[in-house]
J.: 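Before anything else, here's the structure in question.
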Amino acid sequence: MTEQQHGSAPVPGEHSQHPHPPVEHAAENVAERVGKGSFAQAVAAEFDLNKAIGGPRGVIESVLPYTVFSIAFAITQELRPSVYAALAPLVVLIAIRLVRREPLTQALSGVIGIAIGAWIASKTGRASDMFLTSIVKNGGSALGAMISIAVRWPIVGVFVGPITGEMFEWRHHRPRYQAFVKATWIFVALFLIRVAVQVPLSIADQATLLGLLNGLVLGLPLFAVALWLIWRVLRKVPPVTADHTPHKVS
């Protein structure tokens, strides 16, 4: 039985008789569900910072909760009231989204992240463990991005391909493939920078500083810089069309 009959992904540079084997269908579906927002800015004609960070509300939803937590904890040195203070603006933002019938994903993920972190911190007695879920998430994301490069499915390409309409033709085109590899390494660097800052502060139990850096530096601001760098990389290599001349990727 051939590799194509097994439905495995084609090696870059090789064409399959089946244009969209199961692995490509799965990747395409994930990309279409997740990649319509910030990733769209990676392929826009001009970089729009406002769109990249989700507008003013995106900034508020990302920055405010942990910043409020840090300020409240610095004042009270108590975990519970600080968590309540962090959740308060998120509850208001969720109510606004409900009234406007807008997606709740980002606001709810913030609530869940704070709730899990607060539960862990309450069990360990260390306020800095409030950010343990963020550290694990960033470490896991860096590892996942590196694995995607190793298996020749760089994650940025998986998300961006359906947005540009090239789908996964970039896997057979050396310059575009290499651009997506570079772009994915930028994301790896983003996550590793976060971990490199968070871990020492967590070990030192610097909860207030951790919260301020998470909200004001390591969150949306750093993400916006990474997205701008990715845009700079990808705009140099045009999207691949179905009738391109393939270049084998070694």
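In what follows, residues are counted from 1 in the order of the sequence shown.
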J.: Do Leu192 and Leu218 land in one hydrophobic cluster if side-chain heavy atoms of ILVMFWY residues count as linked below 4.5 Å?
T.: yes
J.: Going from CH2 on Trp119 to OG1 on Thr124, what distance comes out if it is rounded to the nearest 0.5 angstrom?
T.: 10.0 Å
J.: Tell me, do Phe69 and Ile114 make a side-chain contact under 4.5 Å, heavy atoms counted?
T.: no
J.: Is there a continuous path of hydrophobic side-chain contacts, each under 4.5 Å between heavy atoms, that joins Tyr84 to Ile116?
T.: no
J.: Without placing hydrogens or testing angles, list every side-chain donor-acceptor pair under 3.5 Å for residues 131-142, not counting sequence neighbours.
T.:
{"residue": "Ser134", "atom": "OG", "partner": "Asn138", "partner atom": "ND2", "Å": "3.4"}
{"residue": "Ser134", "atom": "OG", "partner": "Gln198", "partner atom": "NE2", "Å": "3.0"}
{"residue": "Asn138", "atom": "OD1", "partner": "Arg194", "partner atom": "NH1", "Å": "3.2"}
{"residue": "Asn138", "atom": "ND2", "partner": "Ser134", "partner atom": "O", "Å": "2.9"}
{"residue": "Asn138", "atom": "ND2", "partner": "Gln198", "partner atom": "OE1", "Å": "3.3"}
{"residue": "Ser141", "atom": "OG", "partner": "Lys137", "partner atom": "O", "Å": "2.8"}

J.: So, Arg171 side chain and Arg152 main chain: donor-acceptor pair closer than 3.5 Å or not?
T.: yes
J.: Closest approach of Val188 and Ala145, non-hydrogen atoms and distance?
T.: CG2-CB, 3.5 Å
J.: In Å, rounded to the nearest 0.5 Å, how long is the span from CD1 of Ile186 to CH2 of Trp231?
T.: 12.5 Å
J.: So if you build clusters from Ile, Leu, Val, Met, Phe, Trp, Tyr with side-chain heavy-atom gaps below 4.5 Å, do Phe159 and Val237 land together?
T.: no
J.: Check Phe73 against Ala127 and note the closest heavy-atom contact, atom names and distance.
T.: CZ-CB, 3.3 Å
J.: Taking all heavy atoms of Ala86 and all of Val68, pick out the closest pair and write down the distance.
T.: N-CG1, 3.9 Å
J.: When rounded to the nearest 0.5 angstrom, what distance separates CD1 in Ile120 from NZ in Lys123?
T.: 11.0 Å
J.: Do Val156 and Leu234 have side chains that get closer than 4.5 Å, going by heavy atoms?
T.: yes
J.: Could you list the donor-acceptor pairs under 3.5 angstrom formed between side-chain atoms of residues 201-212 and any protein atom two or more places apart in sequence or on another chain?
T.:
{"residue": "Asp205", "atom": "OD1", "partner": "Ser128", "partner atom": "N", "Å": "3.2"}
{"residue": "Asp205", "atom": "OD1", "partner": "Ser128", "partner atom": "OG", "Å": "2.8"}

J.: Do you know the tightest heavy-atom contact between Pro154 and Thr184?
T.: CB-OG1, 3.3 Å
J.: Working to the nearest 0.5 angstrom, can you tell me the gap between Leu190 CG and Leu222 CG?
T.: 5.0 Å
J.: So, applying ring-ring contact (aromatic ring centres under 6.0 Å, His included) with Trp153, which one of Phe168, Tyr177, Phe180 is it?
T.: Phe168
J.: Answer yes or no: is there a side-chain heavy-atom contact under 4.5 Å between Ile96 and Val92?
T.: yes
J.: Under 4.5 Å between side-chain heavy atoms, counting indirect links through other Ile/Leu/Val/Met/Phe/Trp/Tyr residues: same cluster for Val195 and Met146 or not?
T.: no
J.: Specify the closest pair of heavy atoms between Ala121 and Met130, including all atoms of both residues, with the distance to one decimal.
T.: CB-N, 3.8 Å
J.: Grab the two heavy atoms, one from Arg176 and one from Trp170, that are nearest each other, plus how far apart they are.
T.: CG-CB, 3.4 Å
J.: Using 0.5 Å steps for rounding, measure from the CZ atom of Phe191 to the CZ atom of Phe223.
T.: 8.0 Å
J.: Hey, any chance Val217 and Val199 share a hydrophobic cluster, counting ILVMFWY side chains that come within less than 4.5 Å of each other, even indirectly?
T.: no
